Protein chains: 2
Amino acid sequence: MTDGVTIGRAAAFAGVTVKTVRHYHKHGLIDEPRRDGSGYRRYGSADLLRLVRIRTLAAAGVPLAEIGPILDADPDRFAAALVDVGRRLDDRIDDLIARRDMLQRLAGGDRALLPDRVLAKLDRVAAEFGFTPDDVTMAREGLVLIRALVPEGFDDYISRVERGLDDPRYASLIRRMWRAAEWEPDDPRIGELATALADHCLAHPELLPVPAGLRARTDAAIRYSLLSQHGQEQKPAWTRLAALFEASMRAAGNDILAGRPVS
Amino acid sequence: MTDGVTIGRAAAFAGVTVKTVRHYHKHGLIDEPRRDGSGYRRYGSADLLRLVRIRTLAAAGVPLAEIGPILDADPDRFAAALVDVGRRLDDRIDDLIARRDMLQRLAGGDRALLPDRVLAKLDRVAAEFGFTPDDVTMAREGLVLIRALVPEGFDDYISRVERGLDDPRYASLIRRMWRAAEWEPDDPRIGELATALADHCLAHPELLPVPAGLRARTDAAIRYSLLSQHGQEQKPAWTRLAALFEASMRAAGNDILAGRPVS
DNA sequence: GTGCACCCTGACCTAAGGTCAAGGTCAACC
DNA sequence: GGTTGACCTTGACCTTAGGTCAGGGTGCAC
């Protein structure tokens, strides 16, 4: 007569909501069960079993559209599908664990945005050059931008700069460039520094943050390396330094700065 | 002039799609950046930093609507929010691990639907009574249905049945009931068995799968315990057994079967 | 006989994007 | 200097797995 449980009990048993069960009906995952005299759905044990299987697969992340075929497959295919679902679930778990690690790095500042090797080098240089924490932040953000700009050439560029800093003359120029951040924009020393930097870069073109083999749009990249370090408006001296540097480069060897191939 | 990276590079840097970045704009998570001469968006380092922070939080499962406030909060609140997000992420990881275990149980059959204690008992009884694998399946599905029907009283009911089976007379009746599954529906022994079962149940009402304190709708519950075991249509003898059992109960003590309180 | 919990259908809403269309731009190669 | 292919623009609609609301019918306990 009135055997079978109502949709509410079936849903509670499977740990889903009533709406979810009706949703499964709409998608053909469970056949509509018999109705009682008042039109209520009445679920039997087979329905409940199927409902729990559906819920288990759905909770494991299987899209509803795939669940029907999996449950209707023969035992061998069913077992194989379960193995596959388990693998995908493991992947998702590993993924979430990796994201938790990433979150921890985010809590520690923007260090998450650069490779560990680069961060270590930056720390060493900062200690050597006497950077303030703000300087370190600015340099880090500049590196982030360069990496966004030329992702393919970034690792290579870092290596070249590391080798470049082994040259005490370049190290000294960079040290001076950072001090220039605090100069007045019309400080006469800016001109000298720009020329010296340009001379050095002309002699060592590998120090420009331009991926080898790509010579166009070079000036934009250089702008970034020199001053688009997130604080450029606050350091007017650097804006002028960049202008003079570019002028020197253009005068001496515009094949690099002109924005077209060297040919 | 043309400094800043395009949306494609920004997206690639942060590990999201172009569409996702525009989605974040629409939701106010990142301000629309400056446009260049052709109307292209140009992103600076601050935008990139923010984009990666957003992506990290979103990947950790934080709803987009919550990310803006988190990022705009002061450092203390930001740190607190990160701790909270990390906790929620841990919960999700634990949840997925639990679901993977559940999946493994699903692979092992429907055993996932019943508590381990009940499964162990069922296995013991099956061995004792000489159940075929099909019998075990049928019994298991019957238990699943009872659990769906009266979830609150299920554990208690199992305990009562366990104690009931210590009585050799009841054990013998149940053994006979399972043999009756193979009888013809008009077998005269069914009447005797029904009467004997009813007598025993009248003497031991705790064996009925009815939660203590709830006396109404009892007959539906009894139907379940006796025959709605997923194979009821295939076992016509049980249908008749149930009818005769109910008649005996009604004749002898309809206060239990009548579907209304004993008062 | 009244209240409350439960059931019915159907229409619309949600998050976090994906897809498609129709067109404008940029750098490279011949 | 013309074409090719990759990249950019907006806007409209689609997707998954349900949730919410409206408007109404049932079942049962006091």
Side-chain angles (χ1 to χ4, degrees), chain A residues 1-2 4-12 14-30 32-43 51 54-55 57-68 149 211 213-218 220-221 258-263, chain B residues 2 4-30 32-43 54-55 57-68 149 213-220 258-263:
Chain A
M1 276 289 160
T2 66
V5 302
T6 66
I7 195 169
R9 288 216 174 257
V16 299
T17 68
V18 167
K19 187 66 218 266
T20 299
V21 176
R22 289 203 271 248
H23 191 65
Y24 293 164
H25 284 312
K26 198 145 51 184
H27 286 254
L29 278 171
I30 328 170
E32 284 278 357
R34 204 170 23 77
R35 305 288 183 121
D36 68 11
S38 0
Y40 288 13
R41 292 175 181 83
R42 288 295 176 160
Y43 296 85
L51 184 54
I54 292 168
R55 194 207 83 106
L57 289 173
V62 182
L64 295 193
E66 291 175 26
I67 291 179
L149 193 72
L214 196 156
R215 294 296 172 91
R217 278 201 319 185
T218 299
R260 30 182 175 72
V262 270
S263 91
Chain B
T2 66
V5 303
T6 65
I7 195 169
R9 286 210 175 263
F13 175 72
V16 299
T17 69
V18 168
K19 186 67 217 269
T20 299
V21 177
R22 289 204 270 249
H23 192 64
Y24 292 165
H25 283 313
K26 198 146 49 184
H27 286 255
L29 277 172
I30 328 169
E32 284 278 357
R34 202 170 23 76
R35 305 287 183 121
D36 68 11
S38 356
Y40 288 14
R41 292 175 181 84
R42 288 294 176 160
Y43 296 84
I54 292 168
R55 194 207 82 106
L57 288 173
V62 182
L64 295 194
E66 292 175 25
I67 292 180
L149 193 72
L214 197 157
R215 293 296 171 90
R217 278 198 319 185
T218 298
D219 56 347
R260 30 181 175 74
V262 269
S263 88

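These numbers were taken from a predicted model, which means no experiment stands behind them. Side-chain atoms are counted along with the backbone in the values below, which use heavy atoms only and exclude waters and symmetry mates. We name chains A, B, ... by the order of the sequence lines, and we start the count at 1 in each one.
- Rounded to whole angstrom, the span from the CD atom of A:E32 across to the C1' atom of C:dC8 amounts to 11 Å.
- In this structure, the OH atom of B:Y40 is 6 Å from the P atom of C:dC26, given to the nearest Å.
- Residues passing the salt bridge (Lys or Arg N to Asp or Glu O under 4.0 Å) test with B:E32 are B:R35, B:R41, sequence neighbours excluded.
- In terms of phosphate contacts, A:R41 brings a side-chain nitrogen or oxygen within less than 4.0 Å of OP1 or OP2 of C:dC8.
- Between B:V5 and B:R42, every side-chain heavy-atom pair lies at or beyond the 4.5 Å cut-off.
- Between the A:H25 side chain and the A:I30 main chain, a donor and an acceptor come within less than 3.5 Å of each other.
- Residue A:R42 contributes atom CZ, which lies 9 Å from atom P of C:dC7 at whole-angstrom precision.
- Interatomic distance, A:I7 CD1 to A:K19 NZ, rounded to the nearest 0.5 Å: 10.0 Å.
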remark   = Protein-proximity profile, nucleotides 11-22 of chain D, B/S/- by nucleotide at the 4.0 Å heavy-atom cutoff, equals -B----BBBB--
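- Considering all non-hydrogen atoms of both residues, A:A11 and A:V18 come closest at CB-N, 3.8 Å.
- Of all heavy-atom pairs spanning A:I67 and A:A58, the tightest one is CD1-N, 3.6 Å.
- For A:T6 and C:dC7, the shortest distance from a side-chain N or O to OP1 or OP2 is below 4.0 Å.
- Rounded to an integer number of Å, the gap from B:E66 CD to C:dA15 C1' is 12 Å.
- Between A:V16 and A:V21, the shortest heavy-atom distance links the atoms CG2-CG2, 3.7 Å.
- Side-chain N/O atoms of A:R9 include none lying less than 4.0 angstrom from OP1 or OP2 on C:dA5.
- Neither OP1 nor OP2 of D:dC8 sits under 4.0 Å from any side-chain N or O of B:R22.
- B:Y43 has its side chain out of reach of B:T6: every pair of non-hydrogen atoms, C-beta onward, lies at least 4.5 Å apart.
- We find that CZ of A:R35 is positioned 14 Å from P of D:dG27, with the value rounded to whole Å.
- Comparing the local axis fitted to the first five base pairs of the helix from C:dG1-D:dC30 to C:dC30-D:dG1 with the one fitted to its last five gives a bend of 10°, rounded to 10°.
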inquiry  = Assess the residue pair B:T17 and B:H23 against the criterion (side chain to side chain contact (heavy atoms under 4.5 Å, CB included)); give the C-alpha distance rounded to whole Å, side-chain angles, the decisive distance to 0.1 Å, and a yes or no.
reply    = CA-CA 10 Å; B:T17 69; B:H23 192 64; over 6 Å; no
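- Between the CG atom of B:L29 and the P atom of C:dG17 there is a distance of 10 Å, given to the nearest Å.
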